[in-house]
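In this text, all values refer to a predicted model and were calculated from it rather than measured experimentally. Residue numbers begin at 1 in each chain, while the letters A, B, ... track the order of the sequences.
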Number of protein chains: 2
Amino acid sequence: MRDRNERLMAIRRLINGSNISSQEELQDQLERQGFSMTQATLSRDLKYLKVAKMPDSEKGYIYMLTERQLNDPSENEDIPITGFVSIDYAQGMAIMKTLPGHASSIAYALDNLNSYEIAGTIAGDDTILVIPRDGVTKGDLTNLLKTKMPGFRREEVH
Amino acid sequence: MRDRNERLMAIRRLINGSNISSQEELQDQLERQGFSMTQATLSRDLKYLKVAKMPDSEKGYIYMLTERQLNDPSENEDIPITGFVSIDYAQGMAIMKTLPGHASSIAYALDNLNSYEIAGTIAGDDTILVIPRDGVTKGDLTNLLKTKMPGFRREEVH
DNA sequence: AAGGAATATGTATAAATATACAATATGAGA
DNA sequence: TCTCATATTGTATATTTATACATATTCCTT
């Protein structure tokens, strides 16, 4: 039952990576990865993840992530981050360093992303502890931040 | 049978304006506006319009126009684009779908933008192939269209 | 105007998806 | 630990949506 989070992440990855056109297909893919659940559960998962189903010229219909992430790098103006200094990963968590006094405002912005990946944040004066959900990888987090935080990316992102 | 175009436009207006959560509901609304058709037809219309269905915290599920177009009833009159349906990208080019018969007029408008980004267009009856210059990205093109074509726009799903 | 291809639609039904309900599991207190 | 509240899931089924097939309509082309 602790699988849930991992399953949710796996679903996101699958939907983002390949073109899934039905819950049955999704179920097959997940089972191939060792997950086991019924169509009903997937229906609930997709609702939880706010995954949309849209017509596609190739496959008829495909599922799509809606809270854009890992998407078009061309737009995204979401959150103007100022004061960001660096990010490191340890103990499965991300530690962001900021200019003195800037931590809470950035953490606030992070919270407001309302993204699945981030379970929560704790901000000090110049440091933010970003706690990812179980199953969220460093790469997932980096992608999230890259796409939602202009001024992030580049070499600071170790 | 020439109702179709009007119906397609009405559908977009409805979906854009209110939160429709099923084809049955859509059918009711349309009938209230004097249209008459079955659920099957709506299913086909929604596919044609590339309308996505996504989870919504209030209504459970709602239909949404996908990544573009949205007729702001309030303003913008510059170059009124009517009949625009959707845009897709493939082979480095953009494929725009329009209502039947509207392609050439929209293509004409596109040509008249005299923008650097667009090398040329080829219009069929309800499809326009937009050929970008080398090096022009999908994002560049989207930006161009967003700013120069009222009635175009992107938001929603994606 | 007639014939034929292409398009649009309805009907009936298949396919896909959502959910009520019951069962099970998990977590927080007492 | 025990108990209650909450969360997760499966089963069975209802609801919703897509589509095969037949029919009707439109558009050419002659």
So, is the end of the B/R4 side chain (NZ or CZ) under 6.0 Å from the ring centre of B/Y48 and within 45° of the ring's axis?
-> yes
For [N], take OP1 and OP2 only and decide whether either is under 4.0 Å from a side-chain N or O of [X].
| X | N | answer |
| --- | --- | --- |
| B/Y63 | D/dT17 | yes |
| B/Y61 | D/dT16 | no |
| B/K47 | D/dT19 | yes |

[X] and [Y]: which non-hydrogen atoms are nearest, and at how many Å?
| X | Y | value |
| --- | --- | --- |
| A/M54 | A/M64 | SD-SD, 3.2 Å |
| B/Y61 | A/K47 | OH-CD, 3.2 Å |
| A/A10 | A/L30 | CB-CD2, 3.8 Å |

So which one's nearest nucleotide on DNA chain D is more toward 5', A/G60 or A/Q39?
->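 Looking at the nearest nucleotide for each, A/Q39 comes out on the 5' side.
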[X] [atom1] to [N] [atom2]: how many Å, rounded?
| X | N | atom1 | atom2 | answer |
| --- | --- | --- | --- | --- |
| B/L46 | D/dT16 | CG | P | 15 Å |
| B/I62 | D/dT17 | CD1 | P | 13 Å |
| A/I20 | C/dA16 | CD1 | P | 14 Å |
| B/L8 | C/dT7 | CG | C1' | 13 Å |
| B/R7 | C/dA8 | CZ | C1' | 8 Å |
| B/I11 | D/dT17 | CD1 | C1' | 14 Å |
| B/D45 | D/dT19 | CG | C1' | 14 Å |
| A/L42 | C/dT17 | CG | C1' | 11 Å |

Starting from the 5' end of DNA chain C, give me the residue, A/T41 or B/R44, whose nearest nucleotide shows up first.
->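 Taking each residue's closest nucleotide, the earlier one in sequence belongs to B/R44.
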Between B/T38 and B/K53, just flag the one whose closest nucleotide in DNA chain C comes earlier from the 5' side.
-> B/T38
Could you check whether any side-chain heavy atom of [X] comes within less than 4.5 Å of a side-chain heavy atom of [Y], counting everything from C-beta outward?
| X | Y | result |
| --- | --- | --- |
| B/E24 | B/Q29 | no |
| A/L26 | A/L46 | yes |
| B/Q23 | B/Y63 | yes |

Is the backbone N or O of B/L14 less than 3.5 Å from a side-chain atom of B/S18, with the two atoms forming a donor-acceptor pair by type?
-> yes
Pick base, sugar-phosphate or nothing for [X], based on heavy-atom distances below 4.0 Å to the nucleic acid.
| X | answer |
| --- | --- |
| A/Y48 | nothing |
| B/E24 | sugar-phosphate |
| A/S43 | base |

Which nucleotide in the list C/dG10, D/dT16, C/dT19 gets nearest to the side chain of B/S22?
->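 From the listed options, D/dT16 comes nearest.
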Output the residues of residues 27-35 of chain B in contact with DNA chain C, where contact means a heavy atom of the residue under 4.0 Å from an atom of the strand; sort by number or write none.
-> none
